[in-house]
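A short write-up of the structure that comes next.
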Amino acid sequence: MFETIENKKISQMVIEQIQGMIMRGELKNGDKLPPERELTQTLNIGRPALREALKALEVIGVIESRHGQGNFVVNNTENSVFKPLSLSFKLSNGNIEEILELRRLIEDYTVKQAASLSNEKEAMRLREIHNAMINAETTEQKSQYDKQFHYEIAKISKNILINSLFESTSYLFDSFINKTVRMSFFGEDSIDKIYDEHLRIIEAIEKHDAKEAAKRMQIHMNNIDVYLLNEQ
C-alpha cells in the first residue's frame with residue numbers, strides 16, 4: 001500500500017504512487033482513499049502537498065472529492081478537461097496529415113468491429129444520429145452529430161483502449177471534423193456527400209459486413225481534402 005515519501009517534488013511522488021497502485025490493481029474504481037490526516041501521516045508529508053496531488057489527480061479524472069465523504073478512485077477520464085496526447089501533438093507542431101493518418105487507422109478498426117459486434121439497438125442509434133445531423137440547422141450542430149456518429153462507432157467496437165485513445169485525441173478530431181463539415185456545407189463539396197457516406201457505413205454495419213463497412217469508411221476518409229483543410 002502507501003509508502004513514506006522522501007525527496008523529489010512531494011506532490012509528484014504522491015501522484016506517481018497512487019497511479020502505480022491503480023495500475024497494480026491495489027486501488028480500483030470506487031475505492032475510497034484513507035482520510036487525509038491518515039495519508040499525511042502514512043506518507044510523511046504535509047497536507048498542502050497531499051491536496052495538491054489529489055487536485056491534480058482530480059483534474060486527470062481518476063480521483064473524485066465528495067463533500068463530507070472523502071476522496072474516491074473513479075474513472076472520469078472521459079470527461080476530463082485534461083487531454084495530454086492532444087496537447088503534446090500541438091506543442092510538437094504536428095500537422096493535419098498526421099491526424100488524418102491516425103483517424104484512418106482507428107476508424108478502419110472500429111467500423112469493422114462495429115459491423116461484427118453491433119446489435120439492432122446500436123445500429124438504430126447510428127441512424128438516429130445520422131437523421132439528427134441531416135435535420136440540424138447550423139454547421140455547429142451538424143459537426144456535433146458528425147463527431148457523435150464516429151464516437152458511437154468506436155463505442156460499439158467495445159475496445160476500452162480504442163475508446164480511451166478517441167477521448168484523449170478528441171480535441172484534435174473535433175477540430176478536424178468541424179473544419180470538414182464547414183467546408184462541405186459552404187464549399188463546392190456538398191454536405192449531402194457526407195450524409196450518403198454515413199448512410200452506406202450504417203447499412204454495412206446493419207448487415208454485419210465488416211469488409212464492406214471498412215470499404216465505405218475508407219471512401220469516406222479518402223474524400224477529405226487535406227489541402228483545403230490546411231488552408232482553413
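Computed over heavy atoms, backbone and side chain alike; hydrogens, waters and symmetry mates excluded.
Heavy atoms only, all atoms of each residue included: A123 and I202 are closest at O-CG2, 4.4 Å. In plain terms, the two heavy atoms of A213 and A115 that are nearest each other are CB-CB, 4.0 Å. Across F166 and E107, no two heavy atoms sit closer than the pair CZ-OE2, 4.0 Å. Residues A210 and K112 share a closest heavy-atom pair of O-CG, 3.5 Å. The two residues P34 and L39 make their nearest non-hydrogen contact at O-CD1, 3.6 Å. Counting all heavy atoms, side chain and backbone alike, E26 lies closest to D31 at O-OD2, 4.1 Å.
Here the side chains of L43 and I10 are not in contact, with every heavy-atom distance at 4.5 Å or above. Side-chain contact between V62 and N75 is absent, with no heavy atoms from C-beta onward closer than 4.5 Å. Under the 4.5 Å side-chain criterion, counting only non-hydrogen atoms from C-beta, H150 is in contact with M217. Contact of the K155 side chain with the T110 side chain is not registered, since no non-hydrogen atoms from C-beta on lie closer than 4.5 Å.
For E98, the CD atom counts as densely surrounded, since its 6.0 Å shell holds more than 12 non-hydrogen atoms of other residues, nucleotides or ligands. The environment of E120 atom CD is sparse: at most 12 non-hydrogen atoms of other residues, nucleotides or ligands sit within 6.0 angstrom. A 6.0 Å sphere centred on CD of E101 holds no more than 12 heavy atoms belonging to other residues, nucleotides or ligands.
Taken to the nearest 0.5 Å, the CG atom of L54 stands 5.5 Å off from the CD1 atom of I18. Interatomic distance, OG1 of T42 versus CG of L50, reported as 10.0 Å (0.5 Å rounding). Remark: I201 CD1 to D196 CG distance equals 10.0 Å, nearest 0.5 Å. Between atom CE of residue M133 and atom CG of residue N135 there is a gap of 11.5 Å, rounded to the nearest 0.5 Å. Q144 contributes atom CD, which lies 10.5 Å from atom CD1 of I129 (distance to the nearest 0.5 angstrom). Rounded to the nearest 0.5 Å, atoms CG (N222) and CG (L100) are 8.0 Å apart.
Evaluation of the side-chain contact (heavy atoms from CB on, under 4.5 Å) rule for N159 yields Y109, S157, L161, I162 as partners, not counting sequence neighbours. Under the rule for a side chain to side chain donor-acceptor pair (under 3.5 Å), R47 has no partner lying at least two apart in sequence or in another chain. Residues satisfying the side chain to side chain donor-acceptor pair (under 3.5 Å) test with E206, not counting sequence neighbours, are R127. Remark: E122 engages S118, N119, I156, K158 in a side-chain contact (heavy atoms from CB on, under 4.5 Å) (not counting sequence neighbours).
Using a 4.0 Å cut-off between charged side-chain N and carboxylate O, E52 and K55 make no salt bridge. A salt bridge does not link D108 to R104: none of the charged nitrogens lies less than 4.0 Å from a carboxylate oxygen. Using a 4.0 Å cut-off between charged nitrogen and carboxylate oxygen, E128 and R125 count as a salt-bridge pair. Classification of R216 and E212 as a salt-bridged pair holds, one side-chain N sitting under 4.0 Å from a carboxylate O.
Of the N and O atoms on the side chains of Q12 and E16, at least one donor lies less than 3.5 Å from an acceptor on the other residue.
For the ring pair (Phe, Tyr, Trp, His ring centres under 6.0 Å) condition, the pairs that include at least one residue of residues 113-149, sequence neighbours left out, are F149-H198. Applying the salt bridge (Lys or Arg N to Asp or Glu O under 4.0 Å) rule to pairs touching residues 66-75 yields E64-R66, sequence neighbours excluded.
Both L102 and Y151 are members of a single hydrophobic cluster when ILVMFWY side chains are connected at heavy-atom separations under 4.5 Å. Note on I205: it clusters hydrophobically with M221, by side-chain heavy-atom contacts below 4.5 Å among ILVMFWY residues. Placement of V73 and I15 within a single hydrophobic cluster is found when ILVMFWY residues are connected by side-chain heavy-atom separations under 4.5 Å, directly or transitively. Grouping the Ile, Leu, Val, Met, Phe, Trp and Tyr side chains by contacts below 4.5 angstrom, directly or via other members, places I153 apart from L117. In the hydrophobic cluster analysis, where Ile, Leu, Val, Met, Phe, Trp and Tyr join through side-chain heavy atoms closer than 4.5 angstrom, V74 is grouped apart from V14.
Although no hydrogens or angles enter the test, the distance criterion places a donor-acceptor pair under 3.5 Å between the side chain of K142 and the main chain of I134. Remark: side-chain polar atoms of N223 are paired, donor with acceptor, to backbone N or O of I219 under 3.5 angstrom.
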Steps toward side-chain contact (heavy atoms from CB on, under 4.5 Å) verdict (E36, N71):
CA-CA 9 Å; E36 289 187 9; N71 297 299; 3.6 Å; yes
*asked:* For R200 and E203: C-alpha separation, side-chain torsions, deciding distance, then whether side-chain contact (heavy atoms from CB on, under 4.5 Å) applies.
replied: CA-CA 5 Å; R200 302 297 167 225; E203 289 172 345; 3.0 Å; yes
Take L57 and Q19 through the test side-chain contact (heavy atoms from CB on, under 4.5 Å) and record every step on the way to the result. CA-CA 9 Å; L57 288 166; Q19 285 179 332; 4.2 Å; yes
Show, in sequence, the C-alpha distance, side-chain angles and deciding distance for R24 and M21, and conclude whether the side-chain contact (heavy atoms from CB on, under 4.5 Å) test is met. CA-CA 5 Å; R24 292 191 300 272; M21 291 171 70; 3.5 Å; yes
